[in-house]
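In this text the structure is predicted, and so the values were computed from the model without any measurement. In the text below, chain A, chain B and the rest are named by the order of the sequence lines, each starting its count at 1.
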Amino acid sequence: MSGAIHDTEVLDRLCPMHLLLSSTGFIRHAGPTIQKLRPQSPLAGKLFLDTVTVKRPRTMRGMDDLRRASGMKLHLAFRDAPRTELKGLLVPLDDGRTIVNLSFGISIFDGVQDYALTNADFAATDLAIEMLYLMEAKSAAMEASRRLNLRLEEARIAAEEQAFTDLLTGLKNRRALNAVLERLIAAGEGFAVMHIDLDHFKAVNDSLGHAAGDHVLQVVARIMVQETRSSDMVVRLGGDEFTVVLPDVRSENVLEQIGQRIIDRLEEPIHFKGEVCKVSASIGTVWVQRGDTPSRDGVLANADTALYASKHAGRARHTFYSPTLQGGAGFDPTASD
Amino acid sequence: MHGLINRSIQNYFCANYGHALWSAVATRAGLGFTEFEAMLTYPDHVTPAVLDAVCTVLERPRAEVMEDVGTFLVAQPGYAAVRRLLRFGGVSFRDFLQSLDELPDRTRLALSELRLPRIELCEEPDGQYLLVCEAPLVGYGYLMMGVLRAMADDYGALVALEHCGRSEGIETLKIILIEADFSEGRSFELGARA
């Protein structure tokens, strides 16, 4: 090394975190910033290896080992608290002395906090300040993004709660059903409500999996839309339960035909990834006459009663509600599908 | 224009004049909403429309409003991030002035979609500077003037600032650094959590 490098004033400015070691491993001079890390005790005069420990490479025993490690990246840490970790690069001089230049490496953020460092403690060419700037700027941006995501998530949940559509099938959902029933009842118009429960759906789900089950529900939904009139509204209540609201019904015959078409079409095998899924449907229907003023829940309960009668009678059937069904012969609300 | 700019104008307005009056600004500007999202991008015509609406509602000239927004960005407690990020630019106010040319690039490093207008510092003799600001937004020079005034205070420097007018989309500021160490200023520790 040339003589100029011995000029500690030059080194203090270029490398404010350097140490100059004697041939016996004593610290002869400490750069202003590294000294700032130990404000209570001057580093000069101490043994280098008493002050810091060499964490990597592990084999460093003494100064002779270290001098041979010239040019290698050293992982160091102060022996006393705060045990700040440092990166080090060591260069032996011709006269037996050694220069160790130090930096915070990845511990920079903790370092500047622990020691209250300022811009002036780093050489202008050091990227430490830019790195700190970047960390702070990116954290602020991330925080703003995180808040935006939270707001969007809340908005999505709110929108979903207000939605009238069942996501899996694209049919209307229970909220939509309630709204339409309220409207029809308030207007005193005649309409029919058809509860449709799939038969054997649980078996498909259990034996072929949820993907097959979801596929069946989507096919079923399409069939129901195809087999009803455009003025009718098909609703998925959840699971394998569906409801069709049919305004403007002229005769029971129309309802019978629609119900039968739905059962017939649903009994056609549904193919899914080489497997065949077979389901059917039980239907219970309530026909509300113009001028009737039933309650919404009453209408739905009556449709349920008719549906259970169909299930009980052996499935794949269509039953119309009549007061005689209520608690009538053989009605068993615990009957499973 | 980046939502951060629009949101800053909104924050400035709401902090000083309240949310109710901001609704009037949003309506007058034809926004169709009241809340700007800082991390979204809006069409360029929105920002001038909002500024026009602010000036109309407050019955204040654009220059004054822009300078206030600039000061607000740096000096408002609760918006420490901007002040801190600017302080990374230099150890002293003089140092900070020299870092201003870098400001658009520094900003882009933090938020790649946020493009600030180019600015260039020209040193004149006897401690004077000219700051040449591209100003796609009329009054951007005044906004920078507000930022500089607040930053000078932050560094504890005494400065005189003057807007030298606008021509061909460029607004120029004259900066006279009267005393670099006029007051204590605010401390800036690299590691302090904003």
Legend entry - Check: Q128(B)/E123(B) side-chain N/O donor and acceptor closer than 3.5 Å: no

Inset, instruction - Indicate whether any N or O donor in one side chain lies under 3.5 Å from an N or O acceptor in the other, for T33(A) and Y115(A). - result: no

Legend entry - Residue R147(A) versus chain B: region with a heavy atom under 4.5 Å: neither

Legend entry - chain A contact via R106(B) - which portion, at a heavy-atom distance below 4.5 Å: both

Inset, instruction - Under 4.5 Å, counting heavy-atom pairs only, tell me which of A140(A), A116(A), A128(A) racks up the most with chain B. - result: A116(A)

Inset, instruction - Could you look at L132(A) and say if it's the side chain, the backbone, both or neither that has a heavy atom under 4.5 Å from chain B? - result: both

Inset, instruction - Compute whether any side-chain donor of one residue and acceptor of the other, for H163(B) and E171(B), lie under 3.5 angstrom apart. - result: yes

Inset, instruction - Assess the side chains of K46(A) and S41(A): does a donor N or O sit below 3.5 Å from an acceptor N or O? - result: yes

